[in-house]
Amino acid sequence: MVFDIQIIGGGLAGSEAAWQLAEAGLRVRLSEMRGGGDMTPAHESDRLAEMVCSNSFRSDDAENNAVGLLHQEMRCLGSLIMRAADLHRVPAGSALAVDREAFATEVTQAVESHPNILVVRERVDALPDHPTIIATGPLTGSALAEAIAAETGEGALAFFDAIAPIVHRDSIDMDVCWMAARWDKGGKDYINCPLDKQQYDDFVAALNGGEKTEFKEWEKDTPYFEGCMPIEVMAERGVETLRYGPMKGVGLDNPRTGRWPYAVVQLRQDNTLGTLWNMVGFQTKLKHGEQVRIFRTIPGLENAEFARLGGIHRNSFINSPRLLDNELRLKSKPNIRFAGQITGCEGYVESAAVGILAARFAAVEARGEVIPPPPVETALGALLSHITGGANAETFQPMNVNFGLMPPLTGPKAKKGDRKKLYTTRARAAFGDWLAVKAVEPA
Ligand SMILES: Cc1cc2nc3c(=O)[nH]c(=O)nc-3n(C[C@H](O)[C@H](O)[C@H](O)COP(=O)(O)OP(=O)(O)OC[C@H]3O[C@@H](n4cnc5c(N)ncnc54)[C@H](O)[C@@H]3O)c2cc1C
């Protein structure tokens with residue numbers, strides 16, 4: 001098939017970008033190395049849009065949460081990722097969590113069967129000279145990463161990201177655990193394993209003493225992404241840290257005691273069948289044998305069988321504020337756009353969102369037209385603006401979407417509880433105005 005644009009990488013961003021371009025009438029060659037003899041250290045299948053760790057797209061609350069607002073904007077733009085997520089949703093309170101296999105299968109089938117998309121299972125090692133979107137993610141193949149470094153004159157930036165374990169439901173002792181959501185928000189969607197003070201202190205001590213994966217010398221100065229900190233790193237920061245983080249017991253009435261537990265471990269459903277459950281916030285770099293030994297000391301998980309254990313990976317991204325223009329084009333080689341986590345956004349949703357933007361800019365450009373970027377008051381615009389200029393290039397680090405990326409509210413000072421709604425109301429108005437703007441010929 002002759003193509004108008006090549007996309008390299010069929011993850012969350014590349015699949016979304018391919019879909020958007022194909023729907024806009026462009027012919028796409030989507031190059032994905034998995035399924036062609038290559039694999040990344042975190043993926044486990046050949047499916048497009050595989051979610052490598054948690055199965056959550058986080059809050060779906062478009063009124064009070066910036067990522068919920070981003071979901072809403074993406075749905076308005078015909079997002080394939082959001083459509084597949086909505087179709088394969090599993091219960092998770094106010095969060096949007098999905099059956100990861102069904103979700104990725106849905107995306108793969110939609111992309112592979114689109115008449116304007118040719119999926120080629122191939123690794124790309126060099127920067128093409130034709131219109132291209134690079135969406136190779138945090139685990140970009142090393143030859144391509146070197147080609148990007150040679151072109152831009154600077155090596156990739158990096159941080160560590162960790163994976164949480166998944167447990168078989170029938171190995172969890174429900175005589176000890178119970179189903180509930182914190183503060184009874186949403187349904188009783190989480191499995192809760194209660195710990196008393198002694199059990200919690202012993203658990204923290206076991207984490208501190210547990211054998212961890214050693215870093216190589218050159219990795220030692222690489223930071224962690226704060227939103228995905230391994231539990232043993234949190235435990236090192238102080239005995240109470242986990243109890244104020246993923247193990248906080250507040251708002252969870254244990255029906256057997258009528259009280260909140262001293263600490264808790266929560267598990268969230270990971271597949272539609274409800275046979276697999278994800279340990280929430282339990283990213284870890286403990287050695288595999290140690291994970292089994294230490295996690296089986298958690299009440300209710302004494303006989304836990306693990307479908308997957310945790311792990312840690314070095315994630316790469318480029319210095320986008322320095323290297324990209326405001327349409328995600330590489331300044332030094334503008335036939336190349338970047339999308340997804342490699343741009344320095346963080347998370348499944350944000351990666352797919354940047355895939356939408358790269359595709360829309362590319363589609364408009366292919367028609368010889370231009371369109372303004374979404375306003376910075378919107379979730380999409382705030383994310384784009386941060387990546388392509390709002391962030392300080394010297395200290396650039398991956399970022400989830402949040403209200404802090406938007407301009408401050410104007411007008412009379414609002415009560416704290418009302419501020420989020422004011423941000424999302426303003427964003428919806430700005431997004432509506434932007435949607436009405438037509439692409440035009442460049443001035
Ligand atoms: C260990 C780890 C844990 C994470 N945990 C979470 C989490 O819990 N929640 C969350 O929201 N995000 C998490 N992330 C971030 C997550 O990777 C991204 O949010 C998301 O997958 C990025 O989407 P993407 O499309 O940019 O990259 P990916 O989804 O990784 O897709 C990139 C694709 O490019 C392909 N590729 C790479 N190089 C080449 C090449 N040279 N040629 C052809 N194909 C290539 C890869 O095979 C892959 O399919 C985690 C990341 C890692 C590494």
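Numbering of ligands and ligand atoms starts at 1, following listing order.
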(message) Please list the nearest protein heavy atom to atom 31 (O) of ligand 1 with its residue and the distance rounded to 0.1 Å.
(response) Gly11 CA, 3.1 Å
(message) Applying a heavy-atom cut-off of 4.0 Å, say which part of Ile312 lies close to ligand 1: side chain, backbone, both or neither.
(response) neither
(request) Measure the distances from the heavy atoms of Glu16 to every atom of ligand 1 and state whether one is below 4.0 angstrom. (result) no
(message) Any nitrogen or oxygen of Gly141, side chain or backbone, less than 3.5 Å from one on ligand 1?
(response) yes
(request) Considering heavy atoms of the protein only, find what lies nearest to atom 5 (N) of ligand 1 and give residue, atom and distance to 0.1 Å. (result) Cys53 CB, 3.1 Å
(message) Students should be able to answer this: which protein heavy-atom is nearest to atom 50 (C) of ligand 1, and at what distance?
(response) Asp161 OD2, 3.3 Å
(message) Please report whether ligand 1 has a polar contact with Arg34, defined as an N or O pair separated by less than 3.5 Å (distance criterion only).
(response) yes
(request) Determine the interplanar angle of the Phe295 and Phe306 rings, folded into 0 to 90°, and report it as parallel if under 30°, tilted if 30 to 60°, perpendicular if over 60°. (result) tilted
(message) With no hydrogens and no angle check, just 3.5 Å: does a side-chain donor-acceptor pair link Gln266 and Asn192?
(response) yes
(request) Just jot down the ligand 1 atoms closer than 4.0 angstrom to any heavy atom of Ser31, in number order. (result) 43 (C), 44 (N)
(message) I want to know if ligand 1 touches Leu139 in the polar sense, i.e. an N/O pair below 3.5 angstrom.
(response) no
(request) Show which atoms of ligand 1 fall inside a sub-4.0 Å distance from at least one heavy-atom site of Ile163. (result) 1 (C), 3 (C)
(request) Output yes when Glu365 and Arg329 qualify as a salt bridge under the 4.0 Å nitrogen-oxygen rule, no when they do not. (result) yes
(message) Among all protein heavy atoms in this structure, tell me which lies nearest to atom 42 (N) of ligand 1, with the distance rounded to 0.1 Å.
(response) Val124 N, 3.1 Å
(request) Identify, by atom number and element, the atoms of ligand 1 in contact range of Asn315, meaning under 4.0 Å from any of its heavy atoms. (result) 51 (C), 52 (C), 53 (C)
(message) Classify the ring geometry of His71 against Phe57: parallel below 30°, tilted from 30° to 60°, perpendicular beyond 60°.
(response) tilted
(message) Can you report which non-hydrogen protein atom sits closest to atom 17 (O) of ligand 1, along with the distance?
(response) Pro138 CG, 3.5 Å
(request) Tell me which part of Ser54 gets within contact of ligand 1: side chain, backbone, both or neither, using heavy atoms under 4.0 Å. (result) both
(request) May I ask you to identify the nearest protein heavy atom to atom 47 (O) of ligand 1, giving residue, atom name and distance to one decimal place in Å? (result) Glu32 OE2, 2.7 Å
(request) Starting from atom 16 (C) of ligand 1, find the nearest protein heavy-atom neighbour and note its residue, name and distance. (result) Gln341 OE1, 3.5 Å
(request) For atom 27 (O) of ligand 1, grab the closest protein heavy atom and report residue, atom and distance to one decimal in Å. (result) Gly137 CA, 3.3 Å
(request) Could you tell me whether Phe3 and His130 have their ring centroids closer than 6.0 angstrom? (result) yes
(request) Considering only NZ, NE, NH1 and NH2 on the basic side and carboxylate oxygens on the acidic side, decide whether Asp46 and Arg34 come within less than 4.0 Å. (result) no
(message) Can you confirm whether more than 12 heavy atoms, excluding those of Glu101, are under 6.0 Å from its CD atom?
(response) no
(request) State the atoms of ligand 1, each with its element, that fall below the 4.0 Å cut-off from a heavy-atom position in Glu122. (result) 43 (C)
(request) Check ligand 1 against Thr140 and write out every atom of the ligand that is under 4.0 Å from a heavy-atom position of the residue. (result) 37 (C), 38 (N)
(request) Test side-chain contact (heavy atoms from CB on, under 4.5 Å) on Glu232 and Lys285 and set out the steps. (result) CA-CA 8 Å; Glu232 59 279 353; Lys285 61 169 176 143; 2.8 Å; yes
(request) Give the numbers and elements of all ligand 1 atoms closer than 4.0 Å to a heavy atom of Val52. (result) 2 (C), 3 (C), 4 (C), 50 (C), 51 (C), 52 (C)
(message) Give the atom numbers and elements of ligand 1 that come within less than 4.0 Å of a heavy atom of Thr40.
(response) 46 (C), 47 (O)
(request) Determine the sole option in Thr152, Ile134, Ile387, Leu324 for which the side-chain contact (heavy atoms from CB on, under 4.5 Å) test with Ile318 is passed. (result) Leu324
(message) Under a plain distance cut-off of 3.5 Å, with no hydrogens placed, do Gln72 and Arg428 share a side-chain donor-acceptor pair?
(response) yes
(request) Indicate, as side chain, backbone, both or neither, the part of Ser56 found under 4.0 angstrom from ligand 1 when only non-hydrogen atoms are considered. (result) neither
(message) Distance under 4.0 Å to a non-hydrogen atom of Gly347: what atoms of ligand 1 satisfy this?
(response) 10 (C), 11 (O), 12 (N), 19 (O)
